[in-house]
Amino acid sequence: MLSFLVCLQEFSMGIACGWIGPMIKNFLEDPNSQIKATEEECSWIASMPGFGETFGPFLSILLLDVLGRKIMMQITAAIFAALWIPVLFTRSVSILCISFFVFGLGMGTCNGTTAVYLGENCSPKIRGIFCSASVTSFYLGVLLQCTIAEYFYLSYSAIATVNFILAFCGLITCTFLTVETAQFLMLKGHFDKAESNMMWLRGTKNKDDIITDFENIKANVASEKLKKASYRELFFTPVNFKSLIIVLTLNMVYAATGNAALFRYISVLFPQNEDFTSNQVTVYFGISQLTFCLLASFVIENVNRRSLILFSFSLFLVCHSVSTYFFYDAANNESPSKYGLWIILAMVCLYSGFSAALDSVVHMIRGELFPQSIKPIGSGLAITTISFTQFLTIKTFLMVKSQYGIYMNFLGYAVCSLAAFWFTYFFLPETRGKTLIAIQKSLEKQK
């Protein structure tokens, strides 16, 4: 049930983010489109979720320990459903931008909340599987939107209506089935309720089955509450600062490798040709992401987090380098090989697939490296960092494409992939199979 609720939140985000790509293609090129937009306007529509998501985590920081994880999840579910009302009834680019900015606020709040929610409720043995399942749900929503655009021929209004119904169903389910975490209930002194919720989540009626974990969490919460009394101790103890720097840097360099930009602009990345349509490309892209997310859910707890990240960044470097070469060749050769498009498509789909799988790990690390006292703040700042970096890559993508050539985007992503590999190799600790308490102790021992 826990995984299902988080997956619903991610699915609602996925259908909204997946909607943007095919719609931008229509706004720019379809003469019958109900909305006409320039490249500049489309770049704002595409980047507004990332811009809003930059500020959303601050709502998590301010409210997560006040309202609780349960209420925050319900609020974000309401935002995801409400998004489709202005989309359905407006044809204004400005209102779309405002609507997706608010949606981005919800995304940032939701990501901060679910990272904490999963980190607090999942045992180390299944934490990776649950995080992977939630990310897979996001890309399932994306693939649904790509498939609708290519094969169902629904109108702008019909797609918005379908999306509203799906998001509203998620809101109703989240409203009635979300359970508060034991850590938050203990933080508020509700120990009996915390014990009851913990037994329900573990699927047991025997208190002895949870007593060891319950007492460990209780002691940890009490310890972290004492730390909150000192602002300086909260932010400037070496282990807290180390966790903060590692997570923020990892999120920044990961976002700089370009997945968000390709995700938004995949429908306009490839010129129209006899081999495939732009909507077919989005479907290939979505299938790749979903497939690799599903594969990740089976291997994520059997492969070290650090090794998986290092391999992924190495693959990103190869994919972006190959794409740079072929896009450069296409721009400077009057008769580029038609096989170049297929090679680029293969590289983009391979990159996007591994990036989607890596989302699970990056999302998980947000909830693993921070102690209880700074978890909401740390997760919020991490999401702010990744969101703002993604906003920059999305907003500048079309500008770089127009002024310097699309290959320059990929060259920049290749350089960022190399930097991400270097940082991971030297600074990221391994967290697989460790409790949150054990992870903090290992960080304290590192120099």
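- Partners of K70 according to the salt bridge (Lys or Arg N to Asp or Glu O under 4.0 Å) rule, which considers only residues two or more places apart in sequence or in another chain, do not exist here.
- Of the possible polar contacts, one joining the Q74 side chain to the T175 backbone as a donor-acceptor pair under 3.5 Å is found.
- Ring geometry for F100 versus F103: interplanar angle over 60°, hence perpendicular rather than tilted (30 to 60°).
- Contact detail for T393 and T396: the closest heavy-atom pair is O-OG1, 3.6 Å.
- The number of heavy-atom neighbours closer than 6.0 Å to CZ of F168, taken from other residues, nucleotides and ligands shown, is 12 or below.
- Between the SG atom in C416 and the CZ atom in F316 there is a gap of 12.0 Å [rounded to 0.5 Å].
- A donor and an acceptor atom, one from each side chain of Q145 and N163, are located under 3.5 Å apart.
- Figure legend: R306 and F311 shown without cation-pi pairing, the cationic atom not lying both under 6.0 angstrom from the six-membered ring centre and within 45 degrees of its axis.
- Under the ring pair (Phe, Tyr, Trp, His ring centres under 6.0 Å) criterion, F27 pairs with no residue at all, not counting sequence neighbours.
- Using modelled atom types, one side-chain atom of T54 and one backbone atom of F388 make a donor-acceptor pair closer than 3.5 Å.
- Proximity of L350 to L315: side-chain heavy atoms (C-beta onward) are separated by under 4.5 Å at one or more points.
- Within the 4.5 Å cutoff, no side-chain heavy atoms of L248 are placed close to those of M252.
- Across M399, K395, R264, a single residue satisfies side chain to side chain contact (heavy atoms under 4.5 Å, CB included) together with S43, and that is K395.
- Residues meeting the salt bridge (Lys or Arg N to Asp or Glu O under 4.0 Å) test with E39, sequence neighbours left out: none.
- Residues I85 and L88 have side chains not in contact (no heavy-atom distance under 4.5 Å, counting atoms from C-beta outward).
- Judged by distance alone, with hydrogens and angles left aside, the side-chain atoms of S12 form no donor-acceptor pair with the main-chain N or O of F80 at under 3.5 Å.
- A pairwise comparison of heavy atoms in C110 and M13 identifies SG-CE, 4.0 Å as the closest pair.
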Intermediate values then yes/no, side chain to side chain contact (heavy atoms under 4.5 Å, CB included), F285 and C146: CA-CA 9 Å; F285 191 76; C146 297; over 6 Å; no

Full working for side chain to side chain contact (heavy atoms under 4.5 Å, CB included) between F292 and L358: CA-CA 9 Å; F292 278 85; L358 189 57; over 6 Å; no

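- In this structure, OG1 on T424 lies 10.5 Å from CG on L308, to the nearest 0.5 angstrom.
- Side-chain contact of T257 with Y351: a donor-acceptor pair under 3.5 Å is present, judged by distance alone.
- You'll find the side chain of L63 stays beyond 4.5 Å of the side chain of T109, heavy atoms only.
- You'll find the ring centres of F11 and F138 outside the 6.0 Å limit.
- Of the possible polar contacts, one joining the S352 side chain to the C349 backbone as a donor-acceptor pair under 3.5 Å is found.
- Here SG of C174 is found 10.5 Å from CD1 of I75. Values are rounded to the nearest 0.5 Å.
- Between the side chain of T161 and the main chain of S157, a donor-acceptor pair closer than 3.5 Å is present.
- Closest non-hydrogen pair, A77 versus Q9, comes out as N-OE1, 3.7 Å.
- When all heavy atoms of L317 and A414 are compared, the closest pair comes out as CD1-O, 3.3 Å.
- I79 places none of its side-chain heavy atoms less than 4.5 Å from the side chain of L105.
- In this pair, F313 and Y254 present their aromatic rings tilted. The plane angle is within the 30 to 60° band.
- Considering only heavy atoms from C-beta on, I394 comes within 4.5 Å of Y265 through its side chain.
- Here the CH2-CD1 distance, from W84 to I159, works out to 9.0 Å after rounding to the nearest 0.5 Å.
- Here the closest heavy-atom approach between residue I20 and residue A46 is recorded as CG2-CA, 4.0 Å.
- By the 30° and 60° cut-offs, the orientation of the rings of F427 relative to W422 is perpendicular.
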Y156/V87 under side chain to side chain contact (heavy atoms under 4.5 Å, CB included): CA gap, chis, key distance, verdict: CA-CA 9 Å; Y156 174 94; V87 172; 3.6 Å; yes

Evaluation steps, side chain to side chain contact (heavy atoms under 4.5 Å, CB included), between M107 and C17: CA-CA 10 Å; M107 285 183 64; C17 292; 3.9 Å; yes

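- Between the side chain of Y413 and the backbone N or O of C319, no donor-acceptor pair lies under 3.5 Å.
- Judged by distance alone, with hydrogens and angles left aside, the side-chain atoms of T76 form a donor-acceptor pair with the main-chain N or O of M73 at under 3.5 Å.
- Without hydrogens or angle criteria, T324 side chain to L411 main chain gives a donor-acceptor distance under 3.5 Å.
- Note that the SG atom of C169 and the CZ atom of F164 stand 9.5 Å from one another [nearest 0.5 Å].
- Of all the heavy atoms in S312 and F354, the pair that sits closest is OG-CD2, 3.8 Å.
- Of the possible donor and acceptor atoms, none in the side chain of T249 sits under 3.5 Å from a partner among the backbone N and O of I246.
- Within the model, atoms OG of S387 and CD of E53 stand 3.0 Å from one another, a figure rounded to the nearest 0.5 Å.
- For the side chain to side chain contact (heavy atoms under 4.5 Å, CB included) criterion with E41, the lone passing option out of I35, I24, V93 is V93.
- You'll find the side chain of T384 stays beyond 4.5 Å of the side chain of F55, heavy atoms only.
- Taking the side chain as every heavy atom from C-beta outward, F397 and L262 approach each other to under 4.5 Å.
- The aromatic rings of F101 and F51 sit tilted relative to each other, their planes meeting at an angle between 30° and 60°.
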